[in-house]
Amino acid sequence: MSKGNSTKITDELYQYMLDHNPPLDSVQRGLVARTYASFPDVAGMQSAEEQGPLLAFLVRLTGARHIVEVGTFTGFSALSMAQALPADGRIIACDVSEEWTAYGKQAWEEAGVADRIELRIAPALETLRAMPAEPHIDMAYVDADKESQISYWEEIVPRLRPGGLIVTDNTLYHGTVLDESATGSAAGVRAFNDHVAADPRMDSVLLAISDGLTLSRKR
């Protein structure tokens, strides 16, 4: 087996990559800074900086107008996607924390995209199951509790339009997916990755972006 390019991503090379990607705007940059300052112990739950421009790129590439986000945290990913939506586009953002998402709501207002994001504070499965059953979702971003990922997948896929996209974060889970005796979140990600790879409804690729990012397109 050949793994191809073995470039090591040093801090300097990572910064070079960021310098050659679309830069974060002042609202995005401020939200990232406030997240790390206010929640230093859990700030790693925020999507990586390079994922903001990537998510915006995917929104534009797919022409998405109806997006579902499972796991919003302080709102960086929702902000990035909302800024790429057309004026009539909408995101349903699912989270259970009023405290974390308050930071997102402030940033969404500052960026002028609050009207494109409908925040639903409730268990995400409840929110997903309350949605219309027919295919209507253009794109979904899943970045929430890992032990429920298969359940989220099974609610989203039937509601995803043909050609629609699911983006799932943390699918390498710090390398713990290699541990056959993994428990908890790592075991959840392992099971999810196997489930996705075997799903005949979708075409999927797992990429070594940040902590692992899986892109899945409905056939």
Side-chain angles (χ1 to χ4, degrees), residues 5 7-95 97 100-119 138-144 165-172 174 205-217:
N5 193 327
T7 301
K8 181 180 179 181
I9 305 299
T10 62
D11 290 346
E12 294 78 11
L13 191 56
Y14 181 73
Q15 186 59 54
Y16 178 88
M17 176 190 67
L18 294 181
D19 291 343
H20 289 78
N21 276 342
L24 302 189
D25 63 28
S26 60
V27 178
Q28 291 173 318
R29 184 68 63 193
L31 178 57
V32 170
R34 287 194 298 274
T35 298
Y36 275 91
S38 301
F39 306 108
D41 294 337
V42 294
M45 293 196 301
Q46 185 170 245
S47 296
E49 181 173 331
E50 67 270 23
Q51 288 177 252
L54 175 60
L55 288 170
F57 180 87
L58 292 173
V59 171
R60 297 187 181 102
L61 183 68
T62 59
R65 280 181 161 75
H66 187 180
I67 298 173
V68 173
E69 178 178 70
V70 180
T72 296
F73 190 39
T74 58
F76 172 67
S77 50
L79 171 62
S80 300
M81 292 187 289
Q83 289 175 311
L85 279 172
D88 62 346
R90 294 294 180 271
I91 298 173
I92 295 177
C94 307
D95 208 284
S97 173
W100 291 341
T101 54
Y103 287 73
K105 290 167 70 175
Q106 178 184 344
W108 304 337
E109 289 284 355
E110 291 174 6
V113 296
D115 61 332
R116 301 178 191 178
I117 304 171
E118 180 183 343
L119 177 62
D138 299 314
M139 178 173 162
Y141 181 50
V142 180
D143 186 14
L165 186 68
I166 300 176
V167 182
T168 309
D169 200 13
N170 303 116
T171 48
L172 293 178
H174 319 297
V205 291
L206 197 167
L207 303 171
I209 296 173
S210 189
D211 188 31
L213 199 70
T214 296
L215 307 183
S216 306
R217 180 182 182 273

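This is a predicted model, so every value here is computed, not measured.
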- Task: For side chain to side chain contact (heavy atoms under 4.5 Å, CB included), just list the numbers for Val70 and Asp143, CA-CA rounded to whole Å, side-chain angles, deciding distance to a tenth of an Å, and then say yes or no.
- Result: CA-CA 6 Å; Val70 180; Asp143 186 14; over 6 Å; no

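- Side-chain atoms of Thr72 never come within 3.5 Å of backbone atoms of Gly75 as a donor-acceptor pair (strictly under, hydrogens ignored).
- A donor-acceptor pair under 3.5 Å is formed between the side chain of Asp211 and the backbone N or O of His174.
- Atom OH of Tyr16 has 12 or fewer neighbouring heavy atoms from other residues, nucleotides or ligands inside a 6.0 Å radius.
- When each of Ile166, Leu206, Val205 is paired with Ser216, the side-chain contact (heavy atoms from CB on, under 4.5 Å) condition holds for Ile166 and for no other.
- A donor-acceptor contact closer than 3.5 angstrom is absent between the side chains of Glu49 and Asn21.
- Shown here for Ser47 and Tyr141, the closest heavy-atom pair between the two residues is OG-OH, 2.7 Å.
- Using a 3.5 Å distance cut-off with no hydrogens or angles, the side chains of Glu69 and Ser77 do pair a donor with an acceptor.
- Counting heavy atoms from C-beta outward, Thr35 and Val32 have side chains that stay 4.5 Å or more apart.
- Counting only N and O atoms by type, the side chains of Thr214 and Thr168 include no donor and acceptor under 3.5 Å apart.
- Judged by distance alone, with hydrogens and angles left aside, the side-chain atoms of Trp100 form no donor-acceptor pair with the main-chain N or O of Asp95 at under 3.5 Å.
- Between the side chain of Gln15 and the backbone N or O of Glu12 there is no donor-acceptor pair closer than 3.5 Å.
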- Test log, rule side chain to side chain contact (heavy atoms under 4.5 Å, CB included), inputs Tyr103 and Leu31: CA-CA 7 Å; Tyr103 287 73; Leu31 178 57; 4.2 Å; yes

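- For the pair Glu110 and Lys105, the salt-bridge criterion is not met [side-chain N within less than 4.0 Å of a carboxylate O].
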